[in-house]
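What follows is one structure encoded as structure tokens, with my remarks underneath.
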Amino acid sequence: MKAVNNIKYHSSRRRTFERWNRFSSLLVILFGATGFLSALTKFYDDQLVLVAAVTSVIGAVQLIYDFGGMARTHQQFQEEYQKIKGQIDTNQEPTKTRVDRWNEEINNLIAKEPPEYRAVHALAFNEAVDAIAGVNADQRLVIPFRHRLLKNFCAFNGYHYSKIAELKKIPEAPAAGGGGQRKGRALSKSGAQSSGVSKPQPTKRATS
């Protein structure tokens, strides 16, 4: 699952940067054309200044953040993980030495990756759970709506995404006044936990 998780993560990030790159390029072209037409038709100066300012800001953002370059970076990582996954899929009875070598290759790639966006990785983890046969659905992570909405803008470092199975194990607490019972649903915000080379949480440590 480790390789699948990372493949889906980098695929998602690559697609996001590709969309941003295309959209920002489109805006630069449109606003640039608008400014040119404004000059030809002798629009008011304040309109020309506004169009020029918007074009400059969009062009600067595109240049500084290099959406196209980031997309290519994530594509390279995606391809590297796909190579490893291909080796795993074609080796039905790998030796411990071979498994250790795969884990070492994956960990080396993880060390070279750009900063992780945890909500994106949590969503990629859920996709990996759905894609791999034999993995129970209660291994999926519970991701708040706000995190889904801001997944490509906020890293959400330090947030712990609980598994559905973990939430099911939370003991019931007595309701105020006694008598009734209610289930605790608070998500822990402790640091993400990892086990060996596995990556159960979206910290790039899913089990392979």
Is there a donor-acceptor contact under 3.5 Å from the side chain of Y9 to the main chain of Y117?
-> yes
By side-chain hydrogen bond (donor to acceptor under 3.5 Å, both in side chains), W20 pairs with (sequence neighbours left out) none
Positive for side chain to side chain donor-acceptor pair (under 3.5 Å) with H10, one of E80, H121, E113 = E113
Which heavy-atom pair separates N136 from V129 by the least distance, and what is that distance?
-> O-CG1, 3.7 Å
Quick one: does R118's side chain have a donor or acceptor within less than 3.5 Å of a partner on F156's backbone?
-> yes
Taking side-chain hydrogen bond (donor to acceptor under 3.5 Å, both in side chains) as the test, write out the residues that go with R72, two or more places apart.
-> none
Non-hydrogen side-chain atoms of L150 and R146 separated by less than 4.5 Å | yes
R140 and D130: side chain to side chain contact (heavy atoms under 4.5 Å, CB included), yes or no, with the steps?
-> CA-CA 8 Å; R140 290 170 58 87; D130 296 337; 2.6 Å; yes
Just how far is it from atom CG of N21 to atom CE of M70, taken to the nearest 0.5 Å?
-> 12.0 Å
Which heavy atom in K168 sits nearest to a heavy atom in D138, and how many Å separate them?
-> NZ-CB, 4.0 Å
Of all the heavy-atom pairs spanning V4 and K85, show the shortest one and how long it is.
-> CG2-CE, 3.4 Å
I would like to know whether R101 and E104 meet salt bridge (Lys or Arg N to Asp or Glu O under 4.0 Å); could you show each step before the answer?
-> CA-CA 5 Å; R101 187 181 304 171; E104 182 180 358; over 6 Å; no
Is the shortest heavy-atom distance from the side chain of I84 to the side chain of L109 under 4.5 Å?
-> yes
Interatomic distance, CZ@F17 vs CG@D66, rounded to 0.5 Å, equals 9.5 Å
Any sub-3.5 Å donor-acceptor pair from T73's side-chain atoms to G69's backbone N or O?
-> yes
Separation between NZ of K151 and OG1 of T16, rounded to the nearest 0.5 Å | 6.5 Å
Closest heavy-atom pair, F125 versus Q139, reported as atoms and distance to 0.1 Å, is CE2-O, 3.2 Å
Note, F77 side chain near R13 side chain (heavy atom, < 4.5 Å) | no
Of all residues at least two apart in sequence or in a different chain, which pass the side-chain hydrogen bond (donor to acceptor under 3.5 Å, both in side chains) check with Q82?
-> none
Any donor and acceptor pair, going by atom type alone, linking the side chain of N107 with main-chain N or O of N103 inside 3.5 Å?
-> yes
Where N126 and L141 come nearest, the two heavy atoms and their spacing | OD1-N, 2.6 Å
Which atom names give the shortest non-hydrogen contact between Q78 and S11, and what distance separates them?
-> OE1-CA, 3.6 Å
Without swapping roles, check the side chain of T90 against the backbone of G86 for a donor-acceptor pair under 3.5 Å.
-> yes
